Amino acid sequence: MAHATSFDDAMELLERLRALAADGERAALDARITELGEKLDAARREADQLQERIASLEAENRTLKQAAAGSDEPVEVKNGCYRFDGDDALYCPLCWDNKRHKARTTRISSRQRVCGTCRSPISA
Ligand SMILES: [Zn+2]
């Protein structure tokens with residue numbers, strides 16, 4: 001992983017800095033400090049890129065979830081009406097087939113229902 005590499009490089013440089021400081025090597029110390037700053041900048045840029053990637057994956061995940069939720073199909077035909085998963089209500093097949101609209105129906109007699117949206121009578 002790219003960001004782990006930059007981070008590991010920075011940690012390694014830090015170890016070398018400690019050794020140089022112990023030896024009193026001033027010029028080499030300054031050069032390593034500059035290098036360390038560059039590595040930390042690179043690590044931060046890589047972390048920013050990962051952050052953007054995460055945000056984009058989260059957005060994609062939301063879109064996929066919405067698509068999955070919107071793809072429900074009738075699971076049963078009952079009394080001439082459609083029934084959907086997890087829902088006991090009976091819906092108008094005409095409204096669903098023509099407009100993908102879930103329109104509830106109302107019972108008007110033992111064998112007939114009517115759509116609340118298009119007013120079509122539906123018989124069993
Ligand atoms: Zn209808």
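Just follow the structure's listing: the first ligand is 1, and inside any ligand the first atom is 1. Here the structure is a predicted model, which is why all the values come from computation and not from measurement.
- Rounding to the nearest 0.5 Å gives a distance of 4.5 Å between CD of Glu12 and CZ of Arg16.
- Of the possible donor and acceptor atoms, one in the side chain of Asn98 sits under 3.5 Å from a partner among the backbone N and O of Leu94.
- Protein N/O/S atoms closer than 2.8 Å to the Zn ion (ligand 1): Cys92 SG, Cys95 SG, Cys115 SG, Cys118 SG.
- Using a 4.0 Å cut-off between charged nitrogen and carboxylate oxygen, Arg32 and Glu15 do not count as a salt-bridge pair.
- Residues Leu40 and Leu14 are members of one and the same hydrophobic cluster, defined by side-chain heavy-atom contacts under 4.5 angstrom among Ile, Leu, Val, Met, Phe, Trp and Tyr.
- The backbone N or O of Ala89 sits less than 3.5 Å from a side-chain atom of Asp87, completing a donor-acceptor pair.
- Looking at Arg83, its side chain never comes within 3.5 Å of a backbone N or O of Asp88 through a donor-acceptor pair.
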